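Predicted model only: the values in this text are computed from it and were never measured. Residue numbers start from 1 in every chain, and the chains themselves are labelled A, B, ... in the order their sequence lines are given, proteins ahead of strands.
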Protein chains: 2
Amino acid sequence: MANIKHIAKLANVSISTVSRVLNNQPYVSEDKKKAIFDAIEQLEYTRNMNAIHLIKGKTNLVGVMMPFINHAYFSRLMEGISAEAFKENYQLILCQTNYELCNETAVLEMLKMKQIDGIIICSKSMPLEQIEPYTRYGPIVACEDVNQSPVSSVYLDHYTSFKYGINYLIEKGHQYIGLCLGRNSGANSQSRLKAYKDALHSINQPFREEWMFYQSYRIEDGVEVLNKLRTMEQRPTALLVTSDQVAAGIIMEARKNGIEVPNDLAIIGFDNQPIAEVFDLTTIDNQLMEMGSCAFRIVHDQIAKKKTEPEYREFDFRLIERSTV
Amino acid sequence: MANIKHIAKLANVSISTVSRVLNNQPYVSEDKKKAIFDAIEQLEYTRNMNAIHLIKGKTNLVGVMMPFINHAYFSRLMEGISAEAFKENYQLILCQTNYELCNETAVLEMLKMKQIDGIIICSKSMPLEQIEPYTRYGPIVACEDVNQSPVSSVYLDHYTSFKYGINYLIEKGHQYIGLCLGRNSGANSQSRLKAYKDALHSINQPFREEWMFYQSYRIEDGVEVLNKLRTMEQRPTALLVTSDQVAAGIIMEARKNGIEVPNDLAIIGFDNQPIAEVFDLTTIDNQLMEMGSCAFRIVHDQIAKKKTEPEYREFDFRLIERSTV
DNA sequence: CTGAAAGCGCTAACAT
DNA sequence: ATGTTAGCGCTTTCAG
């Protein structure tokens, strides 16, 4: 493989002149420039980015930490991140963690090792305090409320949005309300759980563990939820489902079993994914794509301006009224 | 940031000894080793991967080229790739191309610039001949039949699988068969189209452009397909749909409009995604995850063994009979 | 406008 | 077992 020295020799100039041309710097005579371009073409020269990364201490690479890849929520977020990264000529390293600490640490270490210039955390299991020390190596932004941490954050007020969803259900006359969550740890889930419990309290309803469904991520999990529901003698009349995919699965299985939505079972989904529209699902839009874009913009901004003060950006939610409540 | 020199000085050894410890090479005395570890800890030292990449001419990074990220087909493929990459301690750079040539070229150039050690092409619009010269810079594997190109390939015989699907429809008594494709260019789509036309020919049916639906990728595209169908005076009685998501959208909208599946309209999907099971959709499994895994394994193998002969791996399809035909 | 030279942080012969 | 040294391929002062 040709390197800058070969070009310099073939074009009869010094390597610094070649470097100037490579970086379109001014003050190079046209004939030398031409000679260099010719040499580049002749030797099929391309720069070795690793050398550039080394000397610049920067890779134009941002790491994206997510538990799993094949999941509508993260795909949507990623879509937003990717769109913005594209504009800035940044590439993304997709780091699947399976919510395992060692994998999450590996991503943070990549930042320290200068493999990546920043990190976007889509979701994590590691406590925030363990992440914070790494902010000195580059910008880190989490897609959840971090509450004044040195880690930046783009987030939605999940407590309020959830409360809003439940109140909507209550207004429609529901008292028996169940809940499907992705996982019970995690800042977002915790906020939602608290909103749920507070709302239940406000209408004097007990918290029933049997109406809680965890680990609901995909459409097929929804099927399972409905089948669990069917075995109960007392069922909730409404369900808050933190994923439109899961909600869709519930609706499909409900139909199959003659349970009418919303008459027998009302459902509110979350995320306002395309599937929600197809299912005419009432859902809460939480602007995943916009959050993704914003997360990247914050990371990029901090890299560009070399600033280290964290930024926090709260997003609005919106109830999309359709036919499942 | 501390570097290897600082460690050497603090531990009172030479940089090569430090390097040995860093790479767990033998022949370092225990006390020096300890001194080095202490220094590393004290200075919070981590290796600079860019220097290592430069000197080794290798990054442990594989680029994944795909048109869009938020799409079930590619997510599934990616899941397989990611699982395998994880085992080998490789990271993935996700390169979204939107099927634009300049973006596809950018990925190939990254290989030439030694930013990545290999490439997995999930789908592309660039002609193969334009890709082939890049194989000298590292292994490239495409997820489609490349027919003896120097580019490696993992693929499914889409012609045969499609033919199989159509024949199944014909056996069930269908003569009027429509087709939903992702795009009309692309090796996979072309094979499918040919199979479709050949099958039509074999039952003496004309090819009708109005029963062809292109650009069908997502569940909402299925809704649109069905609505187009409704405006036709003569409709197909069966549809081959190259995506379970699209098929699901069709089914949803059919139900809404009192069109019975499979009586009024039979449907075969493709990919055997989870949504297919929930919809009880007859589909053709084409082992996307396995293909993804295999694609990575080929790339990795070729990197490890420094071999350059391309590998081709054909996968089997399987008709999953459910209730939509 | 151009070139020489110093380094970015590391690995890997080669000596000892 | 350990140290010396020569690079990997590039950018960037600094001189001229």
- Query: Quick one: are A/Met65 and A/Glu104 in side-chain contact, heavy atoms under 4.5 Å?
  - Reply: yes

- Message: Pick the closest DNA chain D nucleotide for A/Ala2 and for B/Ile15 by heavy atoms, then say which residue is nearer the 5' end.
- Response: B/Ile15

- Message: Hydrogens and angles aside, do B/Asn188 and B/Tyr155 bring a side-chain donor and acceptor to less than 3.5 Å of each other?
- Response: no

- Between D/dT5 atom P and B/Lys5 atom NZ, what is the distance in whole Å? 13 Å

- Side-chain N,O (B/Asn23) to OP1/OP2 (C/dT11) below 4.0 Å: yes

- When all nucleic acid strands are considered with a 4.0 Å heavy-atom cut-off, which category describes A/Leu54: base, sugar-phosphate, or nothing? base

- Query: Taking atom C1' of D/dG7 as reference, at what distance in whole Å does atom NE2 of A/His6 sit?
  - Reply: 13 Å

- Message: Tell me if the NZ atom of A/Lys307 is crowded by more than 12 foreign heavy atoms within 6.0 Å.
- Response: yes

- Message: Can you confirm whether more than 12 heavy atoms, excluding those of A/Glu41, are under 6.0 Å from its CD atom?
- Response: no

- Would you say B/Asn3 reaches C/dG9's phosphate, i.e. side-chain N/O to OP1/OP2 under 4.0 Å? yes

- Round to the nearest Å and state the distance from B/Ile55 atom CD1 to C/dG7 atom P. 18 Å

- Task: Select base, sugar-phosphate, or nothing to describe what B/Ser29 touches, counting heavy atoms under 4.0 Å on all strands.
- Result: sugar-phosphate

- Considering just the side-chain nitrogens and oxygens of A/Lys32, establish if one lies under 4.0 Å of OP1 or OP2 belonging to C/dG3. yes

- Is the phosphate of D/dT11, meaning OP1 or OP2, less than 4.0 Å from a side-chain N or O of A/Arg47? yes

- Task: Assess whether side-chain hydrogen bond (donor to acceptor under 3.5 Å, both in side chains) is satisfied between A/Glu84 and A/Tyr90, documenting all intermediate values.
- Result: CA-CA 9 Å; A/Glu84 215 60 30; A/Tyr90 257 71; over 6 Å; no

- Quick one: is A/Ser16 getting a side-chain N or O under 4.0 Å of the C/dG3 phosphate, OP1 or OP2? no

- For B/Asn50, which contact category applies under a 4.0 Å heavy-atom criterion: base, sugar-phosphate, or nothing? nothing

- DNA chain C nearest-nucleotide lookup for B/Leu22 and A/Asp31: closer to the 5′ end is A/Asp31

- Query: Side-chain N or O of B/Ser19 less than 4.0 angstrom from OP1 or OP2 on C/dC10?
  - Reply: no

- Task: Can you tell me the distance, in whole Å, between the CZ atom of B/Arg20 and the C1' atom of D/dA1?
- Result: 8 Å

- Message: Is B/Tyr27 close enough to D/dG3 that one of its side-chain N or O atoms is under 4.0 Å from OP1 or OP2 there?
- Response: no

